Amino acid sequence: MDEIQISVKRILRELLKDGEVQEDIKKIVKKDQEQEREFQRRIEALEKEKDLLYHQLEEAHLECERLHENYRTLEKEKAVLEKENAALEKENVVLEKEKREIQHSKEELYQQLQEQKKEFEPLEEISEIWQGISKLEKSQKSYLKNLCGSWDIKSFIALGKDKNGIKQLWNFIKDEIMNSDRKTENIRVLANFFDLCINVYNITNIRKERYEIIEVLIGNEFDSRQYIKTSESIVNGVVQEVLLNGYSIQDDVIKPIVIVR
């Protein structure tokens, strides 16, 4: 130890004996102790915070695992749903095809029904006319039976093939219309039967001759060159109603019978 160090130590010992220095040293020691305790508190607080963060970290880790497990479950469910959806899509394609086939069948059936309806409409008309003929007066039915040759639908329809038979029927109906005691319903039935015979002739005639209906304009002035008026009609007036249609075929004309008012 050199001279200087010995001198410094001597000086320090002398200083330590000084009350003021001792007091300063106590303050420094006390301050160091307080700082040490403060550091210790901080360390303890940090430890607690570390433990809390560690606990939270553990919980977060568990939550992550739970979420991951849920994710895997959802992925499996998604795969199942996608598979089911694919199956439903295939089923939907099949159903759409069946729907189109059903719609097509429905349209075909409707078309067939409409065609059958058209086929049966004449039969319904014939049935209605026949029922009306059956309710005619005895004398009227007797004449029609003699004209047609027999009292059955087939014979009545066959009258439409005979041009002369059609003219005789028209003359008979004209006479019935001119009768002042005529019944409106009976005239309507006879007029419908006459129209039916005309249609039968147009359909069955092998020479392709066709009766064309003569158009009657209701409200027009009566023209004796075109129409025949009923007995109760006035001399000059307008056509009010058609009781029996008229037809023309080549040079042969069957005039319509009308009421003039």
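Just so it is clear, the model here is predicted, and its values are computed rather than measured.
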Worksheet entry | Nearest-0.5 Å distance that lies between atom CZ in R100 and atom CG in L95 | 11.0 Å
Practice prompt. Applying side-chain hydrogen bond (donor to acceptor under 3.5 Å, both in side chains), run through S233 and T230 and close with a yes or a no.
Written response: CA-CA 5 Å; S233 295; T230 59; 2.7 Å; yes
Worksheet item: Looking at V189 and G132, what are the two nearest heavy atoms and their distance?
Response: CG1-C, 3.5 Å
Worksheet item: Looking at D152 and K154, does any basic side-chain N land under 4.0 Å from a carboxylate oxygen?
Response: no
Discussion item. With a 4.0 Å cut-off on N to O distance, would you call K135 and E185 a salt bridge?
Written reply: no
Practice prompt. Could you walk me through whether R66 and E69 pass salt bridge (charged side-chain N to carboxylate O under 4.0 Å, His left out), step by step?
Written response: CA-CA 5 Å; R66 186 181 67 80; E69 183 63 29; over 6 Å; no
Practice prompt. Could you check if a side-chain atom of E84 sits within less than 4.5 angstrom of a side-chain atom of L81, using non-hydrogen atoms only?
Written response: yes
Worksheet item: Heavy-atom distance under 4.5 Å between the side chains of I218 and E241, does that happen here?
Response: no
Practice prompt. Given side chain to side chain contact (heavy atoms under 4.5 Å, CB included), test D252 with K167 step by step and report yes or no.
Written response: CA-CA 10 Å; D252 187 10; K167 290 182 178 180; 2.8 Å; yes
Practice prompt. Could you tell me whether E36 atom CD has more than 12 heavy atoms of other residues or ligands within 6.0 Å of it?
Written response: no
Discussion item. What I'd like to find out is whether the side chain of L57 reaches to under 4.5 Å of the side chain of H61, using heavy atoms alone.
Written reply: no
Fill in: CD1-CG distance between I213 and N245, expressed to the nearest 0.5 angstrom
4.0 Å
Worksheet entry | Atom NZ of K161: over 12 foreign heavy atoms under 6.0 Å | no
Worksheet item: Are the side chain of K255 and the backbone of S224 linked by a donor-acceptor contact shorter than 3.5 Å?
Response: yes
Worksheet item: Would a 4.5 Å heavy-atom cut-off, applied to side chains only, mark R182 and L243 as touching?
Response: yes
Worksheet item: If you take all heavy atoms of P256 and Q226, which pair is closest and at what distance?
Response: CD-O, 3.5 Å
Worksheet item: Closest approach of C148 and L159, non-hydrogen atoms and distance?
Response: SG-CD2, 3.9 Å
Discussion item. Do Q103 and K99 make a side-chain contact, defined as non-hydrogen atoms from C-beta onward lying under 4.5 Å apart?
Written reply: no
Practice prompt. Test side chain to side chain contact (heavy atoms under 4.5 Å, CB included) on L74 and K78 and set out the steps.
Written response: CA-CA 6 Å; L74 289 173; K78 178 184 175 183; 6.0 Å; no
Practice prompt. Could you tell me whether the side chain of N146 and the main chain of S142 form a donor-acceptor pair under 3.5 Å?
Written response: yes
Discussion item. Applying a strict under-4.5 Å side-chain criterion to I, L, V, M, F, W and Y, I'd like to know whether I228 and V242 cluster together.
Written reply: no
Worksheet item: When rounded to the nearest 0.5 angstrom, what is the spacing between CD1 in I166 and NZ in K163?
Response: 8.5 Å
Discussion item. Working note: E49 + L46, criterion side chain to side chain contact (heavy atoms under 4.5 Å, CB included); need CA distance, chi angles, decisive distance, verdict.
Written reply: CA-CA 5 Å; E49 188 175 348; L46 290 172; 4.1 Å; yes
Fill in: Same apolar cluster (I L V M F W Y, side chains within < 4.5 Å links), V253/L169
no
Worksheet item: Taking all non-hydrogen atoms of both residues, which atom of I249 and which atom of R210 are closest, and how far apart?
Response: CG1-O, 3.7 Å
Item to complete: Classify the ring geometry between Y247 and Y211 as parallel (under 30°), tilted (30 to 60°) or perpendicular (over 60°).
Response: perpendicular
Fill in: K31 side, atom NZ; Q33 side, atom CD - distance, nearest 0.5 Å
13.5 Å
Response to the item:
Between S150 and S155 the two heavy atoms that sit nearest each other are CB-OG, 3.4 Å
Practice prompt. Taking all non-hydrogen atoms of both residues into account, name the closest pair between K229 and M178 and its distance.
Written response: O-CE, 3.2 Å
Fill in: Side-chain donor/acceptor of K183 to backbone N/O of L136, under 3.5 Å
no
Item to complete: Verify the cluster assignment for I129 and Y143: are they in a single hydrophobic cluster under the rule of side-chain heavy atoms below 4.5 Å apart?
Response: yes
Discussion item. Quick one, I259 and E232 - any side-chain contact, counting heavy atoms below 4.5 Å?
Written reply: yes
Worksheet item: From T204 OG1 over to D162 CG, what is the distance, rounded to the nearest 0.5 angstrom?
Response: 10.5 Å
Worksheet item: So if you build clusters from Ile, Leu, Val, Met, Phe, Trp, Tyr with side-chain heavy-atom gaps below 4.5 Å, do W151 and I153 land together?
Response: yes
Discussion item. Under the side-chain hydrogen bond (donor to acceptor under 3.5 Å, both in side chains) test against Y54, which residue among K50, E58, Q56 passes?
Written reply: E58
Discussion item. Do L196 and I254 sit in one hydrophobic cluster, given that two such residues count as connected whenever their side-chain heavy atoms are within less than 4.5 Å of each other, even indirectly?
Written reply: yes
Worksheet item: Out of curiosity, T73 OG1 to H68 NE2, how far, rounded to the nearest 0.5 Å?
Response: 10.0 Å
Worksheet item: What is the ring orientation for F156 with F193, classed by angle as parallel under 30°, tilted 30 to 60°, or perpendicular over 60°?
Response: tilted
Practice prompt. Show the numbers, then the answer: is there a side chain to side chain contact (heavy atoms under 4.5 Å, CB included) between E34 and R37?
Written response: CA-CA 5 Å; E34 289 176 353; R37 286 194 295 270; 3.3 Å; yes
Worksheet item: Has the side chain of K141 got a donor or acceptor atom that lies under 3.5 Å from a matching backbone atom of I133?
Response: no
Worksheet item: Does the side chain of L67 reach to within under 4.5 Å of the side chain of E63, using non-hydrogen atoms?
Response: yes
Worksheet item: Has E215 got more than 12 heavy atoms of other residues, nucleotides or ligands less than 6.0 Å from its CD?
Response: no
Worksheet item: Are any of the side-chain nitrogens in R41 or E44 under 4.0 Å away from the carboxylate oxygens of its partner?
Response: no
Worksheet item: Looking at side-chain heavy atoms only, is the closest gap between K174 and I257 below 4.5 Å?
Response: yes
